[in-house]
Structures are given as C-alpha cells and as structure tokens.
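What follows is a set of notes on a single structure, which appears directly below.
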Amino acid sequence: MKVVTWNINGIRTFRGGIKKALDSLDADIICVQETKVTRDLLDERTAIVDGYNSYFSYSRGRSGYSGVATYCKDSATPSAAEEGLTGLLTNHEGAVGCYGHQAAEFCSEELQLLDNEGRAVVTQHRAKCQDKEQTVTVINVYCPRADPEKPERKQFKLQFYKLLRCRAEAILKDGSHVIVLGDINTSHRQIDHCDPSDIDDFDENPGRKWLNGFLYSGGQEEETNDEESDGESEVTSTDPIRSGKFVDTFRYFHPTRTNAFTCWSTLTGARQTNYGTRIDYIFANCQLAKEQFVAADIMPEVEGSDHCPVWGQLSCSLLPSSKPPPLCTRYLPEFAGKQQKLSRFLIKVDQKSSQSEPKDALPGSQEEGGKEGEFKSIQS
DNA sequence: TCGGTCGTTAC
DNA sequence: AATCATGCGC
DNA sequence: GTAACGAGCTAGCGCATGATT
C-alpha cells in the first residue's frame, strides 16, 4: 500500500474536480492539508470522488483557512475515522479513540482550541502484514505555523505538537501501528533547510526539539553525538532526546540526500532555484518503518501548490472495511443523491438495520439542517 | 549545531 | 451579479 | 588603526469581506 501527503494550498483550485490529481498520485491513502474549505462551500466533485471515500475536518473559527482531508481508495476504506486529536469533536460512533493522558496535560478550553482549526483527521485501517492482520492508524495533520508577529501562536504550535505526540503514542500503545503525516511546519535538521543559518531557525528551535523527542534517531548514524549539547544535563541518565518512537521515513531511505525540500516560498519564486525547506513528512512507528516500509520519497516535480507531495510505500496490503465509518463525506445529507457505491444498497438487510442511523454520521459543528429528513427517507 | 562578510562607529 | 479594493495568512 | 557592532525588509498566491458598478 502507498500513502501520500500533500499540502494543496486550497482544494478549490482543482477546478475540474480533484479526481485527476488523486488518481495521478496513485496511492491508497492521500492526505491533504490546507483545504481552505468549509462544509458549506464543499462541492460534490471535491467531496465525492468516484473510487474514494473521504474524511474532512474544517476550521470552525474562520473560513478559507486551514482544514485537512483524507481520501481513501475504496480498497482502503477505514474501519474508523475521526476529526481532531482530542476526541472532543467525536461524539459519534466509528471514532478511533485512545486519547492518552491529555486530560492531565491540558485544560479543556485549551483542548478545544487546539482542535478548532480543522488540523487533524485520524483514520484507522486493517492491514495484512505478511500473514498477520494488524491495525494501522493514519494521523493526518496540518501543524500550526508560528507567526513571529504573534507570540501566542508559538505556544499554540508547541501545544499542538505535544497533543499530537500524546495521541500518537496512545494509539501506538494500544497496539496499532501509527503513521503521522502532513505539514509539520518545522524543518528537522540543517540538511532539511536551504539556509540553516537563518534566524528563523533559532526561533523555531522548540519545534526542532520536539521533533528530536518525537523521532527515534537510531538508524541515522550521523550527528547523533552533537545533539547532546542541548540536553547535556540528562544525557547520562535517561537520554530523553532520543526516546522517540517514530521514524522520518524519507530520511530513513535517503539519509544523506541534500536539497530535498517540500516547500518553497512563492514570494520570491524560490521553487525555481530550489530555495526551500522540508517540512512535510511521513512518520511511522519504528517497527512499521523497518518491517513494512519499502520506499519513500518527495515529488518536487509536482506543481499546483507551494508544497509538493510526499509518498511512502509499504509492503503490507490493506483490508477494506465493508462500510465507511460515519465521518465519511458521502454521508453528508447535501450529497445524499450522489451515493457512489452501489454496494451500499446491496448489503444484507439485517446488517443494514442493525447499524447506527445515518444521522449519527453528521460530522462537526455545522447545524444538521433541513435536509436531514430527506436524507433519512432516502436511506430507509 | 556554526562559521561567515561588510560598513559604520567608538575608542 | 460581476468586479474591485482591501486584508489576512501563509 | 582597530575592535565592536549591526546589518534590512520586497516579493505572490488563495481566500474572505465589503463596497462599487
């Protein structure tokens, strides 16, 4: 199976629908960030793509801002899907669960704010990894940018990181493999930045420290010793710097490749001179990375955004769920007439009636509107 | 995780 | 109902 | 003369909103 992440900088720029772009990426799971769309502005050709099932999270604060979506091939239909990292947005069935000890680390208002900008979608899949059936959870994130003008966003970004790690490790501890992918908005090391001496990098240092803690650096032999300088006090004992459980899959396969960037400033036309940064990643827990990942790379030749796609190839194959979880976009009542899967109407009657009502699927903060009745009548 | 250049100012 | 001007966030 | 210090700030997209035709 193959996964892709891509910050698309506005999903509505794909005028004729996004299907062609999705197909050309040729992946089972495609995670996009910065959709800049809200439910009321989502059109059918974007939301309902033949051959895929999709899962959106929208910014609740402002429109035209942030937002992520995960598109799964029908052969990769998840068994669970949910919006956000905190669980506060998921009062419906079909959620992934496993929230760790976030309650001890964050106050509830803070948690709500961290999930208020449509920055995360979590899908859970069954996979067959050499005979054994296992669970793989995909966390699609658009991590906040730390605007230097706004000091509070710096803290927000770090808190989001902390929450992301908390959730990812909780799911991992529960026994699932975990893939964390998306626009992480921090370049990890000097090699990942066109100008490592830039002042900005010092400002982003907390983000790098987080990455160093989140990632496992075994297998990346270079420079493991000079990292000790920012953790000299605890280096002798627990060595928390390298306690991470995840692997940067691109760097795992290309440990020394330089000028490998995924994001370029449009202000200066920096893409033509490849003056960029690598801030879009596919992270996988160590075991998954080592045992299942067979390749990973960036796609700098793909245009259409100020970011390029990143892909990872796994040797395991996905086992599709027979029915998409409630968060699936195709359950939205405004698209009820555009059901794509004929098989949805062909499943056994007893199974269908024992499932939860479609109205439980209505995601997010939007009102349920007057179309719901129409939808229910179509369903039953 | 650093070195590094250049022009102006202060001594 | 289009178009423009301005602002915001990257 | 030389050490110390500070260097300089525009670019372009996608989107929203409100005012103008």
Rounding to an integer number of angstrom, what distance separates [N] and [M] when you compare their [atom1] atoms?
| N | M | atom1 | answer |
| --- | --- | --- | --- |
| D:dA11 | C:dT6 | P | 16 Å |
| D:dA16 | B:dT1 | P | 41 Å |
| D:dA3 | B:dG4 | P | 16 Å |
| D:dG8 | B:dT5 | C1' | 15 Å |

[options]: which one has an atom nearest the side-chain heavy atoms of [X]?
| X | options | answer |
| --- | --- | --- |
| A:K150 | D:dG12, B:dT1, C:dG9 | C:dG9 |
| A:N9 | D:dA11, D:dG12, D:dG14 | D:dG14 |
| A:E34 | C:dC10, D:dA16, B:dT1 | C:dC10 |
| A:L41 | D:dA16, C:dC10, D:dG14 | D:dA16 |
| A:L267 | D:dG12, B:dT1, C:dG9 | D:dG12 |
| A:Y142 | C:dC10, D:dG14, C:dG9 | C:dC10 |
| A:R208 | B:dT1, C:dC10, D:dC15 | B:dT1 |

Between A:F214 and A:F283, ring centroids under 6.0 Å: yes
Sidechain N-carboxylate O distance under 4.0 Å for A:R145, A:E34: no
A:Y65 side-chain N/O to C:dC10 phosphate OP1/OP2 under 4.0 Å: yes
Within 6.0 Å of CD in A:E301, more than 12 heavy atoms from elsewhere: yes
First of A:D306 and A:R12 reached from the 5' end of DNA chain D, by closest nucleotide: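 Nearer the 5' end of the strand: A:D306.
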Distance-only donor-acceptor test, A:R62 side-chain atoms vs D:dT17 base atoms, 3.5 Å: no
Sugar-phosphate, base or nothing in reach of A:I279, heavy atoms under 4.0 Å: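 The answer is nothing, as A:I279 stays clear of every strand by at least 4.0 Å.
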Geometric cation-pi criterion A:K162 and A:F106, 6.0 Å radius, 45° cone: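 So A:K162 does make the cation-pi contact.
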A:T5 and A:Q33: side chain donor to acceptor below 3.5 Å: yes
